[in-house]
Amino acid sequence: MGTLSPLLTLMTDVAGRAGRSLNRDFRDVEHLQVSKKGPADFVSIADKKAESIIYDRLNEARPGYGFLMEEGGVVEGTDKSHRWIIDPLDGTLNFLHGMPHFAVSIALEREGELVAGVVYNPATDEMFHAEKGRGAWLADRRLRVANRKHFDESVVATGMPFAGKKGHAQFLKELHQVMPHAAGVRRMGSAALDLAWVAAGRYDSFWERNLNSWDIAAGIVLVKEAGGFVSEIDDKPDLLETGSIVAGNEGMLAALQTRLAAAR
């Protein structure tokens, strides 16, 4: 790719700064202060430091923009047409267990439309980025979703509800419908990276229910700009509100939706 736009230059720089902070904590993860938000739902000092880095830099660079953040919640801006959607550490459980599969996720919403997204895995130094109309990229390599056409040859990614979260029974029914028909199903623990990997063609499709908007906002931009499709599982109008997402190339998305519909 040629020169990054000023917007993506800012977003990738901020993601890199937060990622470097996460990497420092990752090397000393056993000594991190960790608290519980709910059953199997944790937050560490690393999450909070990374989010502070992101907030401070973006607020300085784009004063007035609003924020929706996993840890910090909603910050109303004077500019009502722009909002940052931020997950400073998607895959916290992986991070806390020393697994190098976690990400910083930053998206920009303009007039209610997602227009840019960055997903960065600091452990592997993979920076996925996309902007509306400019394509999706991994560093300087253009990304395209996989062109696989047969569902029985596909690898499908998903996420399962953790303890205390609703949807276990529904997930098991859906898994029962998908597993016998796909070549493989993977559960890696970071929805942001799952969507980035769909954009990169590593996964053929992805589904998960009841996610938060900060888990998926940047990944949605990546998949769409890589030529893929994203839909709400039950065809409800507000995907960011329900967080129930299915993604892939056109054929794979339709095939996966068929399998999920059979589980209802």
Side-chain angles (χ1 to χ4, degrees), residues 85 87 90-91 101 103 105 107 109 112-115 117 119 128 130 132 135-136 143-162 165-264:
I85 304 177
D87 190 343
D90 187 57
H101 193 79
S105 178
E109 187 179 61
E113 180 184 10
L114 295 170
V115 296
V119 174
F128 302 88
K132 184 182 177 183
L143 299 180
R144 301 294 298 179
V145 293
N147 62 5
R148 199 165 283 107
K149 296 178 173 58
H150 302 292
F151 195 72
D152 61 0
E153 298 174 355
S154 71
V155 174
V156 183
T158 189
M160 64 186 73
F162 54 70
K165 193 173 182 181
K166 67 179 182 179
H168 282 272
Q170 181 68 32
F171 171 76
L172 291 174
K173 288 194 291 184
E174 291 174 349
L175 189 63
H176 181 72
Q177 286 293 330
V178 173
M179 282 191 72
H181 300 278
V185 176
R186 300 288 182 266
R187 197 280 191 191
M188 297 289 283
S190 168
L193 282 173
D194 287 339
L195 288 165
W197 283 25
V198 170
R202 299 174 184 176
Y203 292 141
D204 296 288
S205 58
F206 167 73
W207 97 94
E208 190 170 353
R209 290 183 177 273
N210 304 313
L211 291 162
N212 294 299
S213 55
W214 50 77
D215 298 318
I216 58 177
I220 288 171
V221 184
L222 285 163
V223 171
K224 288 182 175 180
E225 286 299 311
F229 294 81
V230 176
S231 180
E232 209 279 342
I233 291 177
D234 301 310
D235 296 323
K236 293 181 179 178
D238 193 341
L239 172 55
L240 288 184
E241 181 67 28
T242 70
S244 296
I245 185 172
V246 58
N249 70 32
E250 187 173 17
M252 285 297 162
L253 182 141
L256 182 54
Q257 283 181 311
T258 296
R259 301 314 320 161
L260 297 177
R264 292 175 191 156

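Basis for what follows: all heavy atoms, side chains included, without hydrogens, waters or symmetry-related copies.
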Which heavy atom of [X] sits nearest to which heavy atom of [Y], and what is that distance?
| X | Y | answer |
| --- | --- | --- |
| L143 | A199 | CB-O, 3.6 Å |
| S205 | M252 | CB-CB, 4.3 Å |
| G248 | L253 | N-CD1, 4.2 Å |
| A107 | A217 | CB-CB, 3.6 Å |
| A263 | Q170 | O-NE2, 3.9 Å |
| S190 | H101 | CB-CD2, 4.1 Å |

Between atom [atom1] of [X] and atom [atom2] of [Y], what is the distance when rounded to the nearest 0.5 Å?
| X | Y | atom1 | atom2 | answer |
| --- | --- | --- | --- | --- |
| E174 | M160 | CD | CE | 12.5 Å |
| R209 | T158 | CZ | OG1 | 10.0 Å |
| M188 | R202 | CE | CZ | 10.0 Å |
| E241 | N212 | CD | CG | 10.5 Å |
| K166 | N210 | NZ | CG | 4.5 Å |
| L256 | D204 | CG | CG | 10.5 Å |

Query raised in the report: Does A192 offer a backbone N or O that forms a donor-acceptor pair with the side chain of D90 under 3.5 Å?
Result: yes
Report task. Indicate yes or no for a side-chain donor-acceptor contact from N249 to the backbone of G227 under 3.5 Å, with no hydrogens or angles considered. Result -> no
Report task. Taking atom CD of E153 as the centre, report whether more than 12 heavy atoms of other residues, nucleotides or ligands fall under 6.0 Å from it. Result -> yes
**Report entry** Within 6.0 Å of NZ in K173, more than 12 heavy atoms from elsewhere
**Finding:** yes
Is there side-chain contact between [X] and [Y], with heavy atoms separated by less than 4.5 Å?
| X | Y | answer |
| --- | --- | --- |
| I245 | L195 | yes |
| K132 | V221 | no |
| R264 | D234 | yes |
| Q257 | S231 | yes |
| V246 | R259 | no |

Report task. Write out all pairs satisfying ring pair (Phe, Tyr, Trp, His ring centres under 6.0 Å) with one or both partners inside residues 198-256, taking only residues at least two apart or from two chains. Result -> W197-Y203
Query - side chain to side chain contact (heavy atoms under 4.5 Å, CB included) evaluation trace for L240 with E109 - result: CA-CA 11 Å; L240 288 184; E109 187 179 61; 3.8 Å; yes
**Report entry** Member of I85, D215, D87 meeting the side-chain contact (heavy atoms from CB on, under 4.5 Å) criterion with S105
**Finding:** D87
